[in-house]
S.K.: 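Mind looking over this structure? Questions follow.
What's counted below: heavy atoms across the whole structure, side chains too, no hydrogens, waters or symmetry copies.
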Amino acid sequence: MLTAAPLLSPPPRCHVAAPLSCHAPTQQAAATADRGLLLRGAGSPVVKRAPGGGGGWLLWYQCGARVALATSTDGLRWGPPVEPDPLVSSTDWWAFDTAAVRPSDVLLFSGTDASARRGFPSSSAAVYWLYYSGSTDERFGSPFPHAAAEDVPALPGLAISQDGRHWARIEGDHHTGALLGVGEEEGEPRRGWEARCVAAPKVVLHTEGDLRMYYHSFDEMSQRHAIGLARSKDGVRWRKAGKVFEGGKVGSFDKGGVRHGHVVRDRAAGRYVMVYEGVDANGRVSIGMAVSEDGLKGWRRSSELPILRPSDEDEGWDGTAVGSPCLVQMDGAYDWRLYYMGVGRGGEAAIGMAYSEGQGLQKFEKCDAVLM
């Protein structure tokens with residue numbers, strides 16, 4: 001069943017940073033504290049290259065309790081938010097997303113692929129599938145709930161669009177309209193590793209009829225976040241496959257748990273790569289990386305160190321935490337961009353970018369933010 005996503009009066013707009021250029025780091029960086037910064041007042045980036053080969057870029061991101069959209073010609077300089085807001089909280093009292101929605105992933109299907117998928121209108125244009133997290137708790141409108149993160153309920157949802165702006169929700173099998181519930185697939189009581197949430201659904205189309213959703217939840221037994229897997233044949237009905245990745249050993253940067261795992265298929269190596277938030281024993285959040293040959297099991301850390309840490313500058317825009325990673329493989333097989341959310345000392349969230357060029361994903365550098 002399709003239900004139209006309500007369009008409410010737009011809130012005060014998110015702030016947009018001055019135009020930026022990105023190049024290899026130099027000794028004369030113009031704004032060290034702003035290195036990597038692309039967009040202020042924004043979180044949870046989902047970045048895709050626009051269909052059709054025109055070179056454009058699309059960015060869906062969290063702005064307060066709703067999802068906003070910005071566009072770019074190069075993936076660096078982003079325009080103001082598109083109006084109206086693409087997705088806002090549901091007005092259905094029984095729904096799982098009445099307080100806040102947060103983008104998690106977007107799949108783009110061509111007209112041929114989209115029209116072949118059951119239940120969707122035939123079109124020569126692209127069709128967008130937005131997987132998102134929704135909650136009935138207003139705290140979910142904060143990009144980083146910090147200590148309260150494990151207490152905020154959230155479930156995964158799906159919406160579709162033919163232009164990336166106007167969305168129709170797809171009701172899942174859960175009684176709230178979500179795609180999945182917590183601890184219910186095998187009749188288990190609401191306890192254990194998925195008792196509180198199924199959050200941040202990142203979806204990979206492995207082959208036709210084999211879609212994989214990576215999500216995180218809070219394990220009450222270990223008292224830390226972990227990443228789980230669900231599988232689907234049509235992208236709407238999902239079956240959980242269990243936990244696939246957990247926090248690291250004592251003293252590691254992700255000892256306190258792992259969450260927000262974004263998985264992509266590496267064209268050059270033919271394996272799967274996951275970038276994720278790692279929480280240390282003190283609650284500090286960095287970004288780590290893991291790899292798997294089949295994307296199902298055997299996930300192993302590419303390094304015992306994070307690929308991206310919070311800035312060393314006290315006043316840096318990402319000096320408190322970095323997370324919500326979104327990995328994009330560029331035209332060069334070994335060239336990657338890592339879009340991410342940073343939080344500064346004052347608690348403001350912003351979106352930035354780091355890159356890896358010809359290094360086999362071994363090292364990421366924040367782009368120099370040169371204010372034009």
S.K.: Indicate whether any N or O donor in one side chain lies under 3.5 Å from an N or O acceptor in the other, for Ser292 and Asp294.
M.R.: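 Indeed, the side chains of Ser292 and Asp294 share at least one donor-acceptor pair under 3.5 Å.
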S.K.: Would Asp318 and Thr320 count as having a side-chain donor-acceptor pair, cut-off 3.5 Å?
M.R.: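 On atom types as modelled, these side chains do not qualify, holding no pair under 3.5 Å.
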S.K.: Could you state whether Leu180 and Val244 fall into the same hydrophobic cluster, counting links through intermediate Ile, Leu, Val, Met, Phe, Trp or Tyr residues with side-chain heavy atoms under 4.5 angstrom apart?
M.R.: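 Hydrophobic grouping puts Leu180 apart from Val244.
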S.K.: Report yes or no: do Asp137 and Ser135 form a side-chain donor-acceptor pair below 3.5 Å?
M.R.: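 Short answer, no.
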S.K.: How long is the span from the CD atom in Glu208 to the CG atom in Asp234, to the nearest 0.5 Å?
M.R.: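 Glu208 atom CD to Asp234 atom CG measures 10.0 Å (nearest 0.5 Å).
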S.K.: Can a donor-acceptor pair be found, under 3.5 Å and without considering hydrogens, that links the side chain of Glu277 to the backbone of Gly261?
M.R.: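 Looks like no, no N/O pair under 3.5 Å.
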S.K.: A cation-pi test, strictly: NZ or CZ of Arg212 under 6.0 Å from the centre of the six-membered ring of Trp238 and no more than 45 degrees from its axis. Yes or no?
M.R.: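 Output no; distance or angle outside limits.
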S.K.: Centre of Phe218's six-membered ring, under 6.0 Å away, within 45 degrees of the axis: is that where NZ or CZ of Arg224 sits?
M.R.: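 Judged by the rule, Arg224 and Phe218 form no cation-pi pair.
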S.K.: Return the CZ to CD distance between Arg40 and Glu348, rounded to the nearest 0.5 Å.
M.R.: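 If we round to the nearest 0.5 Å, Arg40:CZ and Glu348:CD are 6.0 Å apart.
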S.K.: Counting the benzene-type ring for Trp, do Tyr340 and Trp317 have ring centres under 6.0 Å apart?
M.R.: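 Here the rings of Trp317 and Tyr340 have centres that are less than 6.0 Å from each other.
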S.K.: Before accepting this row, confirm whether a basic side-chain N of the pair Lys363/Glu365 lies closer than 4.0 Å to the acidic partner's carboxylate O.
M.R.: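 Answer for the salt bridge query: yes.
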S.K.: Side-chain heavy atoms nearer than 4.5 Å, only ILVMFWY residues, links allowed to pass through others: does that put Leu158 and Tyr214 together?
M.R.: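 In one cluster with Leu158: Tyr214, no.
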S.K.: What pair of heavy atoms forms the shortest contact from His206 to Arg265, and how long is it?
M.R.: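 In this case the closest contact between His206 and Arg265 is O-NH1, 3.6 Å.
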